[in-house]
Amino acid sequence: MTEPLAARQEQVAALGPFFAFDTHAGASHLTAPWRTLGEVAREESGVLRERIAAVRASLAARSGRPAEAVELRVAASVAHLGLVARVLSPMLGLAALHGLPPQPPTLDELRWHSGLGGAFALSLPRETVAGDAASRTRQNSGAGSDADARAAAGDGAGSGADDARAAEELLNGPVRELADAVAAFSVSRRILWGNVASAVNGAAAGIASAAPALARPARTAALLFLHRPQLRDAHTLDDAPGSYNGRFRRRSCCLIYRAAPDAAGATCGDCVLVRP
C-alpha cells in the first residue's frame, strides 16, 4: 500500500470502529475470510436472511425470549441500519478529511466478513480510497495537525459538483441495493430511507465527537447526502447555527423499540416517536 493510502486509512480509522476499513486492489481475487458484500443483496445467496435471523435471535436473547418473539421486520430493519451505517461511515470519514471519493464503490466491489455485536470487517477498493490522489495528496498529505488545520478551515470537501455526483452514485448504487433487498422482509421503504438518513447523521456526529476539528466538514458531507432527493423527505433538520447535527430527526422509526417485551423498548435519540 502506498504511503498516501495508508495515511488516509489511519486517519479514518482513528474516528472509530465503524469508520475503519481494510483495502484491496479492485481486480484482485477474493481470499478467505473476505466475501463480496454484493451477496447480501442477492436473494438466492441466503446471506441476508441468515444475518436477519442472527439479529433476530440476538435481539430476543436480550430479554431471554425465543427468536420468534421478535417480529421479522423489526430484525430486518435493525440489520439494515447496521449494514448501511457500516457502508456509509467510511465514506463520510473520507469526505470529511479529503472530499468524497470520486469513484464510489459498487456493492460487489465492497468486501466483508460477517459478525454481530459491533462493526463487521469491511474492505474498500484502493481506487476508491485513493480518489484523485494525484491532485489532492500534495495538499492533504500526512495526518494529525495538517488534517486538523484543513478541517478547521472547512476544507474537507472536494468539488461541489463532483461530490454531489458521488453522493448520488452511492445512494442509487449500494445503498439502494441494500434497501431493495431488505424491503422484501416487509420493511417499508420509508423506514429504510429513514435508516439511511439516520446512518448519515450518526456518522457525522461520530466524526465530530472523535475529532472536533472535523465537525464542520463532517456536517458539510452529511448535508450533501441529506439534501439529496432520496433522503430529503426522510428527516427534518433545523439548520440552526452552532449545532453540528442541526437538530436532526428522522421521520420514521427503525422499530428497535418493538424488539423488547410488549414493544416497550427504548427509542433512539433521533426517532420520530421522541417528543421534542
Side-chain angles (χ1 to χ4, degrees), residues 16-19 37-38 40-41 47-49 51-56 58-59 70-93 104 107 110 112 114 116-120 122 167-207 218 221-237 245-260 263 265-274:
F18 264 80
F19 298 90
L37 194 56
V40 172
V47 171
L48 181 58
R49 185 171 296 276
R51 186 167 185 84
I52 290 172
V55 169
R56 191 182 193 186
S58 177
L59 290 171
V70 174
E71 298 165 83
L72 181 63
R73 71 186 183 112
V74 172
S77 175
V78 173
H80 172 258
L81 182 53
L83 286 166
V84 78
R86 188 67 179 99
V87 168
L88 286 174
S89 292
M91 297 294 108
L92 268 291
L107 204 58
L110 292 170
W112 75 320
S114 182
L116 295 179
F120 57 79
L122 182 71
E168 193 72 21
E169 288 184 15
L170 275 168
L171 292 176
N172 281 332
V175 172
R176 185 176 295 277
E177 287 182 60
L178 289 172
D180 289 345
V182 179
F185 292 83
S186 301
V187 185
S188 79
R189 292 184 183 274
R190 182 177 180 83
I191 288 174
L192 294 170
W193 285 108
N195 286 349
V196 175
S198 183
V200 168
N201 182 69
I207 293 168
L223 291 177
L224 181 69
F225 285 89
L226 294 174
H227 288 167
R228 307 311 302 166
Q230 300 91 328
L231 300 183
R232 199 174 292 147
D233 295 329
H235 71 283
T236 59
L237 190 66
N245 70 354
R247 286 183 279 186
F248 171 94
R249 176 167 296 185
R250 57 183 293 169
R251 285 179 167 163
S252 61
C253 171
C254 73
L255 305 178
I256 194 169
Y257 79 96
R258 298 185 62 84
T267 51
C268 305
D270 63 1
C271 184
V272 70
L273 300 179
V274 175

What orientation do W112 and F120 show, parallel under 30°, tilted 30 to 60°, or perpendicular over 60°?
->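 If you compare the ring of W112 with that of F120, the planes turn out perpendicular.
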Name the one of N201, V274, N195, T236 that satisfies side chain to side chain contact (heavy atoms under 4.5 Å, CB included) with R250?
->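 It is N195; the other options fail the test.
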Nearest non-hydrogen partners of [X] and [Y], listed with the distance:
X    : Y    : answer
A85  : A199 : CA-CB, 3.7 Å
A266 : I256 : O-CG2, 4.2 Å
A204 : A222 : CB-CB, 3.7 Å
L92  : A218 : CD1-O, 4.4 Å

Just wondering, do V84 and W193 contact through their side chains at under 4.5 Å, heavy atoms?
->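 No, every pair of side-chain atoms sits at 4.5 Å or beyond.
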Side-chain heavy atoms of L48 within contact of L83, under 4.5 Å =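 Of all side-chain heavy-atom pairs linking L83 with L48, at least one is under 4.5 Å.
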Look at atom CZ of R176 and say whether more than 12 heavy atoms of other residues, nucleotides or ligands are closer to it than 6.0 Å.
->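 Yes.
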Is a side-chain donor or acceptor of [X] paired with a backbone partner of [Y] at a separation under 3.5 angstrom?
X    : Y    : answer
R228 : E168 : no
S58  : A54  : no
R190 : R251 : yes
R86  : F18  : yes

Could you walk me through whether C268 and C254 pass the side chain to side chain contact (heavy atoms under 4.5 Å, CB included) check?
-> CA-CA 8 Å; C268 305; C254 73; 4.0 Å; yes
Would you please test R258 and V70 for side chain to side chain contact (heavy atoms under 4.5 Å, CB included) and show each step?
-> CA-CA 8 Å; R258 298 185 62 84; V70 174; over 6 Å; no
Roughly how far apart are [X] [atom1] and [Y] [atom2], rounded to 0.5 Å?
X    : Y    : atom1 : atom2 : answer
R189 : Q230 : CZ    : CD    : 12.5 Å
L170 : F225 : CG    : CZ    : 5.0 Å
L37  : L107 : CG    : CG    : 4.5 Å
D233 : S252 : CG    : OG    : 11.5 Å
L59  : L255 : CG    : CG    : 11.0 Å
H235 : R249 : NE2   : CZ    : 13.0 Å

Contacts of V187 that satisfy side chain to side chain contact (heavy atoms under 4.5 Å, CB included) - sequence neighbours left out =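 Here the qualifying residues are R73, A76, S77, V182, I191, L192.
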Give the intermediate values and the outcome of side chain to side chain contact (heavy atoms under 4.5 Å, CB included) for residues I207 and F19.
-> CA-CA 9 Å; I207 293 168; F19 298 90; 3.4 Å; yes
Report the C-alpha separation of V196 and H80 in whole Å, then their side-chain angles, then the decisive distance to 0.1 Å, and conclude whether the side chain to side chain contact (heavy atoms under 4.5 Å, CB included) test is met.
-> CA-CA 9 Å; V196 175; H80 172 258; 4.1 Å; yes
What residues, two or more places apart in sequence or in another chain, satisfy salt bridge (Lys or Arg N to Asp or Glu O under 4.0 Å) together with E177?
->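 Partners of E177 under the salt bridge (Lys or Arg N to Asp or Glu O under 4.0 Å) test: none.
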